[in-house]
Amino acid sequence: MKMFHAGASITEVRGMMSIAKSLSDKGRIRLSKLAYETGKNIDVLLPIVEAAEDLGLCSVGDGVVKLTKDGSRLNSGNFKDIVRGELAAIEPFRSAVSVLSRSGYTMTIDLSRRLARKGILYMTDEKGNTDVLRKVLVHWGEGLGLLSYDAIHDSWRKMK
Amino acid sequence: MAARDEPIINVNGVSFAYTGENTIRIIDDATFTANDEEIVAIIGPSGCGKSTLLRIMAGLVKSLTGAVVFNGKKVAGPVPQFSFVFQDFALLPWLTNKENVKLGLSRMRIGNAEKDRKATELLDQFGLSGFEDAYPNMLSGGMKQRVGIARAIASNPVVLLMDEPFSALDELTANTLREDVLYLLREGKFPIRSVVMVTHNVEEAAWMADKIVMLSDKPSHVKWIKKIEMKHPRDKHSKEFLALVDEIYTKLTER
């Protein structure tokens with residue numbers, strides 16, 4: 001099952017998109033050029049590019065990154081608005097939003113267990129998996145205004 | 001070293017999964033060879049099991065299925081003829097640099113004076129003369145990895161396994177160390193017949209390797225094997241080199 005990559009941050013995706021936009025030729029840039037310009041190795045660059053692809057900002061194939069319409073109109077002011085909807089459609093955000101729409105509230109551990117039963121896992125051990133899930137949900141879900149995190153109770157609500 | 005098509009290590013249908021509260025399949029039926037006088041670079045997306053595969057080859061981790069065969073024998077545990085170079089150097093901080101190198105000589109049936117002499121000679125070959133009695137914390141990252149490589153080479157291994165050996169270093173230091181390692185390997189002073197290296201750096205793979213083994217995303221399989229005929233030293237600005245780098249990126253993102 002396709003899951004959002006845990007190895008990319010919002011600032012990294014925005015930074016990569018900014019560089020790709022400025023150096024692209026008709027919305028296309030070779031990945032080798034992007035790697036050279038960003039100075040990133042594939043362990044860092046590929047998760048960032050894949051996250052951008054999952055968010056509908058680009059498509060990647062045969063060594064070329066192609067900016068989508070959304071990717072081309074991206075700027076520092078509209079990032080959240082452009083990608084929030086796409087993010088909500090990708091696991092683990094999809095399940096989180098679905099659970100919160102029904103119950104209004106969930107603990108991270110309960111969500112982690114529910115996702116694990118569906119095969120949506122970042123790590124094999126429950127604690128490690130829950131930690132990564134929390135990090136991804138806080139960084140992206142709360143960062144993009146999709147979810148609201150209560151650190152005291154380690155719980156989630158939908159962002160109003 | 002000049003690659004020949006005689007396998008030193010056969011990786012035959014190796015599979016691996018992390019099993020715990022949940023199971024995640026990591027490697028699925030990986031098959032390739034590391035040949036005589038060949039530097040093999042294993043490359044692939046983050047989390048695809050490259051380092052795990054290297055540890056399976058080293059006999060440090062057991063595969064679920066399949067086998068690693070060295071000199072006709074199945075690898076069932078650590079192999080004395082193999083040495084390992086770690087990303088984070090793995091030096092023992094309470095030992096001097098010379099004592100760290102001497103760890104690599106611990107299985108040799110030679111006296112302490114001879115071990116001292118060999119360790120000193122190796123440190124000298126790696127440009128660390130004068131640092132024999134210093135501790136690792138007094139060295140830069142590049143110098144620490146030189147000690148790590150000297151320790152690995154000390155035991156006269158037939159196979160050198162390196163897990164992202166230059167990734168913890170800044171680019172200038174990493175570049176120098178890559179050149180030094182290639183020089184030492186190709187000079188023929190050591191009995192190393194095959195090198196297998198995990199890397200996330202496409203240029204590093206293109207610059208050093210005689211063969212690239214690319215793994216897919218997990219559960220990973222061998223997606224592509226590329227034999228590189230380009231002679232050393234390779235010109236990173238040549239059309240041929242740049243085309244190779246581009247080809248690797250193309251294969252990495254091929255769906």
Side-chain angles (χ1 to χ4, degrees), chain A residues 1-8 12 20 28-54 58-66 109 112-133 136, chain B residues 16-26 41-52 87 163-164 166-172 174 198-206 212 214-219 223-224 236-237 239 241-255:
Chain A
M1 190 172 298
K2 182 74 178 169
M3 280 176 74
F4 195 71
H5 214 295
E12 284 172 329
R28 294 163 56 99
I29 181 168
R30 296 209 67 81
L31 198 55
S32 52
K33 187 175 181 183
L34 196 56
Y36 179 79
E37 294 294 338
T38 56
K40 299 290 185 194
N41 288 334
I42 54 171
D43 58 326
V44 177
L45 184 61
L46 290 182
I48 296 170
V49 170
E50 283 171 19
E53 186 175 35
D54 288 345
C58 64
S59 63
V60 190
D62 296 332
V64 177
V65 176
K66 292 179 201 166
I109 184 70
S112 169
R113 286 173 181 162
R114 181 186 287 263
L115 290 167
R117 284 196 293 274
K118 291 162 76 174
I120 302 166
L121 282 167
Y122 284 110
M123 297 179 80
T124 51
D125 71 293
E126 186 174 89
K127 186 182 180 310
N129 186 54
T130 305
D131 287 346
V132 176
L133 178 68
V136 172
Chain B
F16 183 80
Y18 284 111
T19 52
E21 291 152 354
N22 300 288
T23 297
I24 298 183
R25 285 168 60 220
I26 305 293
I42 302 176
I43 198 164
S46 187
C48 73
K50 301 180 290 295
S51 295
T52 303
Q87 179 184 5
D163 189 7
E164 297 185 55
F166 313 112
S167 66
L169 310 175
D170 67 89
E171 186 47 35
L172 293 177
V198 165
T199 180
H200 284 125
N201 187 326
V202 170
E203 284 208 1
E204 180 175 286
I212 288 174
M214 184 181 289
L215 300 184
S216 67
D217 212 345
K218 70 173 180 284
K223 183 179 181 180
W224 186 55
K236 289 181 184 175
H237 300 287
K239 276 187 181 174
F241 184 86
L242 294 172
L244 173 61
V245 168
D246 208 49
E247 188 181 8
I248 297 170
Y249 277 108
T250 300
K251 288 290 174 186
L252 275 168
T253 55
E254 200 174 70
R255 303 261 162 99

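Quick caveat, the model's predicted, so the values are computed rather than measured. Just the heavy atoms: all of them, side chains too, but no hydrogens, waters or symmetry mates, feed the values below. In what follows, chains carry the letters A, B, and so on, assigned in the order in which the sequence lines appear, proteins first and then strands, with residues in each chain numbered from 1.
Panel note: side chain T23(B), backbone T19(B); no donor-acceptor pair is recorded below 3.5 Å. In this structure a side-chain-to-backbone donor-acceptor pair under 3.5 Å is present from E53(A) to V60(A).
When all heavy atoms of N129(A) and I120(A) are compared, the closest pair comes out as ND2-O, 4.5 Å.
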### Task
Would you check, one step at a time, whether the test side chain to side chain contact (heavy atoms under 4.5 Å, CB included) holds for L31(A) with L46(A)?
CA-CA 9 Å; L31(A) 198 55; L46(A) 290 182; 3.8 Å; yes

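Chain A forms more heavy-atom pairs under 4.5 Å with one residue of I24(B), I43(B), L242(B), V245(B) than with any other, namely I24(B). For chain B, the option among L45(A), V44(A), N41(A) with the highest count of heavy-atom pairs below 4.5 Å is N41(A). When the candidates D62(A), L121(A), V65(A) are compared by the number of heavy-atom contacts under 4.5 Å with chain B, D62(A) comes out ahead.
Contact annotation for L252(B): only side-chain heavy atoms (C-beta onward) come within less than 4.5 Å of a heavy atom of chain A.
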